[in-house]
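Data block below; observations after.
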Amino acid sequence: MRLGRPMSQRRGHNRRVSIETLENVENPLEAGLTILGSTLTVDDISLRIVEVEAYGGEKDGPWPDPAAHSYRGRTPRNSVMFGRAGRLYVYRSYGMHFCMNISYGPDGVAGGVLLRAAEIEAGHDVVSARRSPDRPSHQWARGPGNLGASVAITLADNGTDVFNPASRIRLELGESKEWVSGPRVGVSTAAEVPWRLWIPDSRAVSAYRRSPRAPVIS
DNA sequence: TTCATGATAAGG
DNA sequence: CTTATCATGAAC
């Protein structure tokens with residue numbers, strides 16, 4: 001038998017949002033919903049974010065999350081997530097990929113939303129030159145490492161205020177959209193928490209792959 | 001389906 | 001020093 005959709009999935013339709021929403025979110029899920037469907041602009045490239053993963057924060061914070069980089073406290077790498085909402089947290093994954101997160105919550109409280117996949121809306125020529133031009137464009141920014149490569153993000157971009165109109169990297173919120181949620185990808189702890197969010201029907205959404213280290217559910 | 005890649009930080 | 005990690009593309 002093949003179920004159409006895992007029991008852990010939910011779906012819904014969110015409302016219009018703003019930067020104030022991101023600062024005052026009630027929980028990580030709300031932060032993820034705020035950012036899903038937004039438009040990321042990097043120089044002449046424009047992307048529609050179609051998949052995100054919400055991460056909580058410190059053990060002792062309001063949203064303890066063992067899968068979050070910030071869970072064990074502030075380090076030089078994760079410090080941006082402890083600051084104000086709307087800052088870009090860039091980290092190097094497995095020593096080679098650059099992944100992007102947007103911080104949320106009040107200053108001093110850690111929280112971040114990982115940008116996992118996007119559709120290219122403008123700048124196809126620039127992205128094509130960086131990615132595999134032979135592959136379809138919906139695969140160029142599918143997956144967090146591919147997304148970072150598409151816009152050539154580096155650690156120098158860490159801490160960027162994405163709501164400052166003068167920034168090279170900006171995020172535009174406010175789009176209303178449908179969404180679906182399910183378990184996060186690649187995490188070995190808290191793997192059942194349904195904080196991966198995506199827009200149904202987008203071809204750019206990455207395939208779900210459970211971490212081989214995550215415990216098997218009974 | 002498995003492997004090489006190789007930064008960061010926690011734990012021994 | 002050793003191990004685990006919010007991954008990917010190429011090799012098998």
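Within every chain, numbering begins at 1; the chains are lettered A, B, ... in the order of the sequence lines, protein sequences first and strands thereafter.
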Nearest-Å distance once atom [atom1] is located in both [N] and [M]:
{"N": "C:dA11", "M": "B:dG6", "atom1": "P", "value": "16 Å"}
{"N": "B:dA9", "M": "C:dT8", "atom1": "C1'", "value": "22 Å"}
{"N": "B:dT1", "M": "C:dC6", "atom1": "P", "value": "22 Å"}
{"N": "C:dG9", "M": "B:dT8", "atom1": "C1'", "value": "23 Å"}

Practice problem: Could you pick out which residue, A:Val187 or A:Arg135, lies toward the 5' side of DNA chain C when each is mapped onto its nearest nucleotide? | Solution: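 By nearest-heavy-atom nucleotide position, the 5'-most residue is A:Val187.
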
Practice problem: Look at the aromatic rings of A:Tyr104 and A:Trp63 and report parallel, tilted or perpendicular, splitting at 30° and 60°. | Solution: tilted

Practice problem: Kindly say whether A:Trp140 contributes a backbone atom to a donor-acceptor pair with the side chain of A:Ser150 at under 3.5 angstrom? | Solution: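 Yes, because the side chain of A:Ser150 sits within donor-acceptor range (under 3.5 Å) of the backbone of A:Trp140.
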
Quiz item: Can you check whether A:Leu147's main-chain N or O pairs, donor with acceptor, with A:Arg142's side chain at less than 3.5 Å?
Solution: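 Checked: no pair found.
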
Quiz prompt | Strand DNA chain B in bracket notation, Watson-Crick/G-U under 3.5 Å with | for pairs to another chain | solution = |||||.|||||.

Practice problem: Measure from OH on A:Tyr89 to P on B:dT8 and round the result to the nearest Å. | Solution: 10 Å

Quiz item: Between B:dA7 atom P and A:Phe98 atom CZ, what is the distance in whole Å?
Solution: 10 Å

Quiz prompt | Same apolar cluster: A:Val193 and A:Met81, side chain cutoff 4.5 Å | solution = no

